[in-house]
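Model, not experiment: these values are computed from the prediction. The chains referred to below are lettered A, B, ... by the order of the sequence lines, with proteins before strands, and numbering in each begins at 1. Only this structure's heavy atoms are used, side chains among them; waters, hydrogens and symmetry mates stay out.
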Amino acid sequence: IFYPALIKTHIFHRDTPANNPETPFEFTPEHMKRVDAIINNYPEGHKAAATIPVLDLAQRQHGWLPISAMNKVAEILGIAQMRVYEVATFYTMFLREPVGKYHVQICTTTPCMLCDSDSILEAIQNKLGIKVGETTADKLFTLTEVECLGACVNAPMVQINDNYYEDLKPSDIEQIIDELKADRVPPPGPRSGRFSCEPAGGLTSLTEPPPGPGFGVRPDL
Amino acid sequence: MSSSSSSAAAGAAAVVSSTPTSVRASSNMVEVFVDGKPVMVESGTTVLQACEKVGVQIPRFCYHDRLSVAGNCRMCLVEIEKAPKPVAACAMPVMKGWNILTNSEKTRKAREGVMEFLLSNHPLDCPICDQGGECDLQDQSMMFGADRSRFTEGKRAVEDKNIGPLIKTIMTRCIHCTRCVRFASEVAGVEDLGTTGRGNSMQIGTYVEKMFMSELSGNVIDLCPVGALTSKPYAFTARPWETRKTESIDVLDAVGSNIVVSTRGGEVMRILPRLNEDVNEEWISDKTRFAYDGLKRQRLTQPMVKDASGQLVATTWEDVLTRVAGALQGVQGSEVGAVAGGMVDAEALVALKDLLNRLDSDTLCTEEIFPMAGAGTDLRSNYLLNSRITGIEECDFLLLVGTNPRYEAPLFNSRIRKSWLHNELQVAMVGHKVDLSYSYKHLGETTQVLQEIAAGTHPFCKVLVQAKKPVVVLGSSTLQREDGAAIFKAVSTIAQNSRVSSGVEDGWKVLNVLHRVASQVAALDLGYKPGVNAIQKNPPKVLFLLGADAGCITRADLPKDSFIIYQGHHGDVGAVMADVILPGAAYTEKNGTYVNTEGRAQQTRVAVTAPGMAREDWKVLRAISELAGVTLPYDTLAEVRRRLEEVSPNLVRYDDVEEANYFKQAHELSKAVNQSLLAAPLVPPQLTVKDFYMTDPISRASQTMAKCVKAVTEGAAAVDEPSVC
């Protein structure tokens, strides 16, 4: 197995003009109420347990996590900043670099690859003009390749923010991108017309209501 | 019971004591077998500790007995008979009847496997790695690893982090044992190190560009089992097998940390800590560890005399001794005086005192002031850290007055933090608010607060009264003030009141004084006058400065044609104003007795010889005495120490604390003190880490300490040098 000599996933932070401890970040009052509700879930003295949900909330509010957001979370929870950095770098869903408004995450692991996710990837790259890991100039779309998203029945698929778009053909994904550009969020789910992961031609099993109690039981019991 | 202990005693090496196991604890003692040998341990001890009791050392990387258990290196895996999987010995508590097989097939296979994994990403740096020769990974792979490799893949590499001018980081070598992370958050109190990322791309570091700014930061160098964290000043200078190790004592603060001075070719290469459970455990502060390069700079190596034009010229010992003897022969009584500095050993102090006493003078002063009103220094209990450093671990309430122990006595502060962390010690402070690495109740910084607590009117007294084992620590910097006597009286009252209200037994001491210089307690034990008041009142014609570099007395304070003799090891403040310079030995170059702030006498030993023509201090004084006609009655070190014993026997009872009593009497005497407290707030001189690094002639001469000061004021990038490796 060959892997690159220097680890590219950045596990260190360098201050940039856009991402430094002075980058403004404050929880909005409604979000602050949610933060308090989250903290109330955990026993006294264990505020640190709320690190993951509060970081997630910060990311949802801001779009990504600047270092100042992580520092703010540390301040709210009364733990050392380093502990928050440890949690934030452990999980890949915590984005520590700016992302566009729509985070297009395409799954390229085995089941999707067998269903030709490569052509979907190519279609996205051609449509948006960016490569994997890059953001479009208008800061609308960021493209990343991610691991299995658990929708293998509906391969190939992409996740955009919190929605799954499944059973894609290259034309489908171009349509989706056009809708997003026009500021409309297309309905998530399979594009092939079927309902979630059910077979396209109708159910092939579980076609009758379940048998009641006593089904298949000996008559003398 | 008796059969198991006798077989354990017969079977094991020297670890098990010969007295039979106490029957008292039989209810929670568990019998386990280590390789078939039975051993009784308390329930809750881990497999690793049980094996250590028998004398079997289990290999480990992440386990350290002063840090919390992590269990992530997996090197301590041992087989338990009839168990399906090997267990991590450092974390698994023993169960009754277990047979721990420390050298079975499975255990050996586990160790080889873990070692193989650890080495798979470890760079082949041994020839250029400073840890070679004292590397845990090297030693354990030789003892427990496989003799062949099957590694054909590529290794990962990690960027180096810049965490300061003292610690060199080559993070590719890191095996992620997390000892440094746990040390930083538990012992040092600075939670800046952590594990970022995960799996193969895990990195230990500060994530952001931050310096590891702690006064105990150098200890991670000892902790790191591989060469990931090494000493930057010591980098590429020596290999451990070519150094000679000398056990000695550190004198850069008053704690008296036990150190090992590693030398090679007559030069000090580095300073390492020595284990002493009662004083410094296994840690030493950064100043102790890294200021040794100041021993090689600004040294006085030749006797010097000020010539007609006012320049100091090198001369011979004969010349300078004759001059000094001549000056001393012409004076009597109060015409001659002496000031002793902060790093003088007891032998030199007693020799100087004997010399001046024979000239009918008793004007021997220390630079540090101690209020003489009340009992003053007559009762030892007044000026010692009576509770001892280990006493902090038993106390439940600590009141700090006008001191910043974090930078005045870092090892004392780490003990307070240990007690705060593990034993729920409550700490309160009267003085300037400083960052102590643990949380405390800040009561204020005015003397008014002190007065109110002493009178019992402060709201805090309610808490103080409930303490079962209270301790009050007064910083010596507050006693330098003009109202020092009044402060001492107030603190003595607080201590006495809380002792009475707590109902603690007689052996428990409450009142403590934390000194900042290593020679103060010995000087006070020998009868020196604290503070230069006596000299300022009656300026002598001849002044003897013994290592005195605080500038308490200058030429301006003395009559016009006064003669100043300076004996010391560094060309600092004192040497500049002297007429005659006698080069002396620093603490690594003499057998000296130093008494730490607890009253514990310890001795330094000769690690290197003094440079040039410098000699041991007491020998110089003995030579002067002979030429001046008042020969001192000792010629050898043993005779000087016998003289020390004559004056104060505790000075030669090494490594033992001579306890002091008479607290009640001292308190009664202090009641007679009629001084009022000044309004000025109690501010200790060392407030931030910037003030920590350069406090005495040796650290002021050290380039490493200068780099530290620059780094904390301008940032780590300001002192970053291009690395060779």
Side-chain angles (χ1 to χ4, degrees), chain A residues 1-23 25 44-45 47-48 51-52 55 64-97 133 144-147, chain B residues 70 72 120-121 123-124 150-163 169-172 174 176 178 180-186 188-214 421 424 435 437-439 715-717:
Chain A
I1 310 154
F2 172 80
Y3 29 87
L6 194 63
I7 295 299
K8 294 261 193 268
T9 55
H10 72 289
I11 313 290
F12 46 79
H13 169 82
R14 297 259 154 76
D15 282 342
T16 60
N19 187 0
N20 58 68
E22 310 299 319
T23 311
F25 176 85
E44 185 64 45
K47 267 208 203 152
T51 310
I52 297 178
L55 268 175
W64 56 288
L65 282 175
I67 195 89
S68 55
M70 293 193 247
N71 293 346
K72 187 93 201 129
V73 171
E75 192 189 315
I76 291 172
L77 298 176
I79 55 181
Q81 290 173 349
M82 192 65 219
R83 305 292 148 236
V84 177
Y85 302 155
E86 285 178 333
V87 172
T89 51
F90 189 91
Y91 297 103
T92 52
M93 276 181 80
F94 287 131
L95 308 164
R96 289 166 285 117
E97 289 287 299
T144 53
E145 267 185 86
V146 293
E147 297 302 299
Chain B
N72 56 37
S120 69
N121 256 333
L124 304 175
R150 41 188 179 176
F151 188 76
T152 51
E153 292 85 21
K155 296 183 189 239
R156 66 102 174 87
V158 179
E159 248 186 69
D160 295 341
K161 316 283 185 297
N162 183 0
I163 54 177
T169 59
I170 299 177
M171 300 319 282
T172 315
C174 177
H176 309 311
T178 62
C180 56
V181 173
R182 284 174 281 143
F183 175 83
S185 74
E186 290 166 29
V190 173
E191 293 203 55
D192 280 338
L193 284 174
T195 57
T196 49
R198 71 188 200 209
N200 206 41
S201 55
M202 180 153 116
Q203 293 186 16
I204 303 267
T206 51
Y207 186 60
V208 293
E209 279 173 52
K210 212 179 209 188
M211 279 209 313
F212 183 18
M213 206 118 72
S214 163
L421 196 62
E424 299 195 9
D435 178 12
S437 84
Y438 43 85
S439 66

Within 6.0 Å of CZ in A/Arg14, more than 12 heavy atoms from elsewhere:
yes
Gap separating the [atom1] atom of [X] from the [atom2] atom of [Y], nearest 0.5 angstrom:
X: A/Phe12; Y: B/Gln203; atom1: CZ; atom2: CD; answer: 7.0 Å
X: A/Ile11; Y: B/Ile204; atom1: CD1; atom2: CD1; answer: 12.0 Å
X: B/Arg198; Y: A/Tyr91; atom1: CZ; atom2: OH; answer: 7.5 Å
X: A/Tyr85; Y: B/Thr195; atom1: OH; atom2: OG1; answer: 14.0 Å

What part of B/Thr172 is in contact with chain A, defined as an atom under 4.5 angstrom from a non-hydrogen atom: side chain, backbone, both or neither?
neither
Answer with side chain, backbone, both or neither: which region of B/Lys210 has an atom nearer than 4.5 Å to a non-hydrogen atom of chain A?
side chain
B/Tyr207 vs A/Ile67, test: side-chain contact (heavy atoms from CB on, under 4.5 Å). Steps then yes/no.
CA-CA 10 Å; B/Tyr207 186 60; A/Ile67 195 89; 3.6 Å; yes
Contacting moiety of A/Ile79, where chain B heavy atoms sit under 4.5 Å
neither
Using side-chain contact (heavy atoms from CB on, under 4.5 Å), reason through A/Gln81 and B/Val208 one step at a time and then give a plain yes or no.
CA-CA 10 Å; A/Gln81 290 173 349; B/Val208 293; 6.0 Å; no
For B/Gly197, is there any backbone N or O sitting under 3.5 Å from a side-chain donor or acceptor partner on A/Thr89?
yes
Contact summary for A/Met82 and B/Thr206, nearest pair of heavy atoms
SD-O, 3.7 Å
Contacts of type salt bridge (Lys or Arg N to Asp or Glu O under 4.0 Å), residue A/Glu75, not counting sequence neighbours:
A/Lys72
So, using salt bridge (Lys or Arg N to Asp or Glu O under 4.0 Å) as the criterion, who are the partners of A/Arg83 when residues are at least two apart?
A/Glu86, B/Glu191
